[in-house]
Each structure stands twice: as C-alpha cells, then as structure tokens.
Amino acid sequence: MPGGRLTYQDRRHIAAGLTEGLTYTEIAKRLQRPISTITREVTRNGGTDSYQADRAHQATEGRARRRKQAPATAPAPPAATGAPGRDPQAVHALEERFTAVMIATGLPRMIARVLTCLYTTDSGSLTAAELVQRLQVSPASISKAIGELERHELIRRERDPRRRRDRYVIDPDVWYRAWLVSARQNAAMADLARDGAEILDSTTPAGARLQDMSQFFEHVSQNLVQAAEQWRQDFMSRRPTDR
C-alpha cells in the first residue's frame with residue numbers, strides 16, 4: 001500500500017467512486033490505500049452523500065496550515081472512553097469507523113453517531129444531555145435521532161429515578177429485535193404483493209411479477225425469523241456463563 005497523504009487526484013478518484021456507488025473497500029482497492037484511510041477521509045469531509053474532492057482538499061490544506069501555525073506542543077488525544085488503559089486514539093478511530101459503516105448501511109449521519117456513542121459506552125446507556133455533550137450537537141438533533149432509533153427498536157427508553165430524566169439504552173439483544181422488525185416489514189411486502197397479484201391476475205405479466213415478489217419476500221421473511229430465533233436460543237443458553 002502506498003504511504004503518504006492523499007493527493008488532490010486521490011480525492012477526485014474517491015469522489016468519482018462514491019458517485020459510482022462503490023463501497024469504501026472497492027475505492028481503497030482502486031487507490032491501493034488502506035480502507036481506514038478512505039473511511040476517515042470521507043467521514044471527515046461530509047460523508048458519502050456530501051463528499052466533494054475540491055472542498056475536502058481545501059479543508060485538509062487548511063488544517064495543515066493551522067497545525068504549522070499552532071504552538072509546538074503535542075495535541076491532546078481524545079478523551080479516554082470507559083475503562084482505563086484504553087488507547088484514546090484507537091478508541092476515537094474505532095468510533096469513526098463504526099459511524100462510517102453505519103452510514104454506509106443507510107443510516108443518516110446523526111443517527112449513526114448516536115448509535116456509535118451508545119454502543120461504545122461501557123454503560124450502554126446515556127441521557128439526551130450526555131449525548132449532546134459528547135457529540136457537541138443541538139438537543140433537537142439528538143431528539144430527532146433518538147426518535148428514529150426508537151422507531152426502529154434499536155434503543156429503548158428507561159426512566160432514571162435518581163436524576164428524573166430518561167436514559168436511552170442499548171440492550172444485548174438489540175439486533176435480534178431489529179431483525180424481527182425487518183422480518184415483519186418483509187412479511188408486509190409479501191402480503192402486499194400477493195394481494196396485488198390477485199387483483200391484477202397472476203396470469204398477466206404484472207400479476208406474475210407481483211406473484212414472484214410475494215414469494216421472494218415471504219421466503220426471506222421466514223428465513224430471517226428462523227435465523228433470529230436460532231441465534232436467540234444460542235444466546236440465551238450461553239448468557240449465564242458468558243456474562
């Protein structure tokens with residue numbers, strides 16, 4: 001892998017790759033760069049939907065100039081997260097990578113940042129005020145992100161009686177419940193397509209197309225539920241000894 005900083009031409013290739021819909025891995029392979037380099041570059045400069053080569057290059061040059069003008073003292077590392085002994089820089093890089101991957105799955109940036117913050121906090125729970133402080137964003141941004149995460153059942157709300165405020169919690173089986181939500185959505189698509197096939201007549205091209213769609217989503221929904229239930233059984237059987 002070549003070393004050194006990304007060039008303007010590299011950034012143009014990154015922007016072109018994002019426009020083509022390439023993944024970070026594909027872009028990294030095309031440029032022969034580590035995927036972490038591409039992830040940090042895109043995340044730092046607007047994310048997948050807003051990345052622009054010119055703007056990213058100007059921002060990087062601006063940061064470099066400010067570093068040269070700053071006093072010759074080592075910058076303070078990010079604050080340590082959780083247990084002592086963790087490398088703050090490694091934790092910060094993990095958080096950036098976690099956020100970038102969540103964005104790549106389709107989550108809006110703020111929702112991905114909130115989810116990352118909750119996941120990488122040892123307690124697995126934070127109040128809205130704590131999220132505002134950690135992420136340095138407005139309360140309205142946190143409120144909107146929390147609402148979406150609750151709607152998708154990725155977090156739950158519980159009352160903190162000592163502080164008289166809500167805490168937002170990541171449960172150990174959060175992905176099990178989210179998986180079931182996805183299965184229910186696929187089942188709803190199967191029902192819709194089956195009804196459409198009956199209305200349009202499954203012997204017609206449009207009806208046959210909806211019939212195929214119904215069978216696909218029904219198959220996927222059933223397999224999602226079976227896989228989730230198998231994981232749930234394994235998880236519950238080992239939880240008393242592992243946790």
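Bear in mind the structure is a predicted one, so any value in this text is a computation, not a measurement. Residue numbers run from 1 in the order of the sequence given.
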#### Entry: CA sep, side-chain torsions, deciding dist, call: Tyr176, Glu229, side chain to side chain contact (heavy atoms under 4.5 Å, CB included)
CA-CA 8 Å; Tyr176 167 77; Glu229 290 299 337; 2.9 Å; yes
N/O donor-acceptor pairs under 3.5 Å from side chains in residues 187-200, not counting sequence neighbours:
| residue | atom | partner | partner atom | Å |
| --- | --- | --- | --- | --- |
| Asp191 | OD1 | Arg194 | NH2 | 2.4 |

### Query
Should Glu20 and Arg30 count as an ion pair when the cut-off is N to O under 4.0 Å?
yes
#### Entry: side chain to side chain donor-acceptor pair (under 3.5 Å): pairs with one or both residues in residues 205-217, sequence neighbours excluded
none
### Query
Closest heavy-atom contact between Tyr24 and Ile35?
CB-CG1, 4.0 Å
#### Entry: Worked verdict on Arg165 versus Glu130 for side chain to side chain contact (heavy atoms under 4.5 Å, CB included)
CA-CA 11 Å; Arg165 61 180 63 183; Glu130 289 168 339; 6.0 Å; no
### Query
Can you list the residues that meet the ring-ring contact (aromatic ring centres under 6.0 Å, His included) rule with Phe216, with sequence neighbours excluded?
none
### Query
Should the pair Arg11-Glu41 be classified as a salt bridge under the 4.0 Å nitrogen-to-oxygen rule?
yes
### Task
Check Arg157 against Ile146 and note the closest heavy-atom contact, atom names and distance.
NH2-CG2, 4.4 Å
### Query
Do NZ/NE/NH1/NH2 and the carboxylate oxygens of Arg156 and Glu150 come within less than 4.0 Å?
no
### Message
Is it the case that the side chains of Arg97 and Thr39 hold a donor-acceptor pair, with the cut-off being a distance below 3.5 Å and no angle test?
### Response
no
### Query
When you check the gap from the basic side-chain N to the acidic O, do Lys29 and Glu26 get nearer than 4.0 Å?
no
#### Entry: Close side-chain approach of Arg109 and Thr43, heavy atoms under 4.5 Å
yes
### Message
Aromatic contact between Tyr119 and Phe98, with the criterion being ring centroids under 6.0 Å apart: yes or no?
### Response
yes
### Query
Do you see a donor-acceptor pair shorter than 3.5 Å between the side chains of Ser237 and Asp234?
no
### Query
So, for Ser141 and Ser138, which heavy atoms are closest and what is the spacing to 0.1 Å?
OG-OG, 2.9 Å
### Arg167 CZ: over 12 foreign heavy atoms closer than 6.0 Å
yes
